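Worth saying up front: this structure is predicted, and the values here are computed from it rather than measured.
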Amino acid sequence: MHAPIRVPPTVVLVHGAFTDASSWAGVVGLLHSAGLRVRAPANPLRGLSQDAAYIRSVVRDIAVPVVLVGHGYGGAVITHAAADNDNVVALCYVAAFGLDTRECVLDITRRFAPMPSAHATVTAPLPARPSGSPESELYIRRTQFADVFAADLPPRVSGVLSVTQRPIASSALTGVSGPPAWACKPSWYAIATADQVLNPTAQRFMAQRMAAAEHILEGSHAVLLSQPGAVAGMIREAAAHGAGPDDGHGLRRAS
């Protein structure tokens, strides 16, 4: 009798505010080298419910187990999106928001000591506002972007990031999460100890609340760019945990 084939999960990488999917480039290359399939969709950054709905639809189109990874605000999105997605077998948070039921991003940021990012963001009205879209969005001031978001990256890199940043709708910060996926799925958390966007103490609190496997990284909020090897290593660990035997149709059988 043949032994069951282990099916490696697909890794879905969800970026956070003030950046885009290209922030995962280094991590994607390392995961590909490890033989993992990867998807890095564009997170709309328009509101927690609609962002989570979009990521949920991406995950449901994948016919194998999924490891869902979120950076920053992307953590709030995966927490909300994965709660009723059976093919999500593991969650990874990279300096990210792991919200609880009826909690929003601002609930976390206000519970802990304020970070420099609180004074570095600027609110701007949408240049052309379609019906039903958010009224305003947030940027990090270009002059403060490097220090706040990416202090451990070369100036030429942080300079490019500052002018290509994607804004987040102001209302996304007050979007309330539903039952958290981390309550029923194994989780991993990379804590960025030099983060100036999300308080490292808040990160530790959320990691411990979800009983996550913790990885301590000496890095900024852009740790996925400055330490892609460490971040990819954590994701590979989660993927190894989430791999399962093939049922003949590409789906993992419950063990």
Trainee: Over 60° means perpendicular and under 30° means parallel, so tell me whether F205 and F112 are parallel, tilted or perpendicular.
Mentor: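 Correct class here is tilted.
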Trainee: Hey, what do you get for CG (D152) to OG (S220), rounding to the nearest 0.5 Å?
Mentor: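 Going from CG on D152 over to OG on S220, the span is 3.5 Å.
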Trainee: How about R142: does its CZ atom have over 12 heavy atoms from other parts shown lying under 6.0 Å from it?
Mentor: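 Not buried by this count: 12 neighbours or fewer within 6.0 Å.
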Trainee: When rounded to the nearest 0.5 angstrom, what distance separates CG in L138 from CD1 in I168?
Mentor: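 One finds 7.5 Å between CG of L138 and CD1 of I168.
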Trainee: Are V197 and V148 packed together at the side-chain level, in the sense that at least one heavy-atom pair is separated by less than 4.5 angstrom?
Mentor: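 Result yes, sub-4.5 Å side-chain heavy-atom pair found.
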Trainee: With rounding to the nearest 0.5 angstrom, report the NE2 to CH2 distance, H71 to W24.
Mentor: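 Going from NE2 on H71 over to CH2 on W24, the span is 7.0 Å.
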Trainee: Identify the residue among L68, V66, T10 that makes a side-chain contact (heavy atoms from CB on, under 4.5 Å) with N87.
Mentor: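 Considering L68, V66, T10, a side-chain contact (heavy atoms from CB on, under 4.5 Å) with N87 is found only for V66.
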Trainee: Salt bridge (Lys or Arg N to Asp or Glu O under 4.0 Å) with R56: which of D84, D61, D51?
Mentor: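 Going through the options one by one, the only one that passes is D84.
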Trainee: Closest heavy-atom contact between A95 and H221?
Mentor: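 For A95 versus H221, the nearest heavy atoms are O-CE1, 3.3 Å.
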Trainee: For the pair R166 (side chain) and N43 (backbone), establish whether a donor and an acceptor sit closer than 3.5 Å, ignoring hydrogens and angles.
Mentor: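 Such a contact is found between R166 side chain and N43 backbone.
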Trainee: Determine the minimum heavy-atom distance between V94 and V231, stating which atoms define it.
Mentor: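 Nearest pair, atom of V94 first, then V231: CG2-CG1, 3.9 Å.
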Trainee: Counting only heavy atoms from other residues, nucleotides and ligands, does the tally under 6.0 Å from CZ of R37 exceed 12?
Mentor: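 It does not: R37 CZ has 12 such atoms or fewer within range.
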Trainee: Under 3.5 Å, is there a donor-acceptor pair between the side chain of Q227 and the main chain of L217?
Mentor: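 No: the side chain of Q227 does not pair with the backbone of L217.
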Trainee: What I'd like to find out is whether the side chain of F97 reaches to under 4.5 Å of the side chain of E103, using heavy atoms alone.
Mentor: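 Not touching, per the 4.5 Å side-chain cut-off.
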Trainee: Please determine, by modelled atom types, if E218 and T193 share a side-chain donor-acceptor pair under 3.5 angstrom.
Mentor: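 A pair is found: one side chain offers a donor N or O, the other an acceptor, under 3.5 Å apart.
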Trainee: Would you call R141 and D147 a salt bridge, taking side-chain N to carboxylate O under 4.0 Å as the test?
Mentor: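 Result for this pair is no, no salt bridge flagged.
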Trainee: To the nearest 0.5 angstrom, please state how far the OG1 atom of T19 sits from the CG atom of L225.
Mentor: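 Spacing of OG1 (T19) from CG (L225) equals 6.5 Å.
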Trainee: Taking the side chain as C-beta and beyond, is there a heavy-atom pair between M206 and Y93 under 4.5 Å?
Mentor: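 Not in contact.
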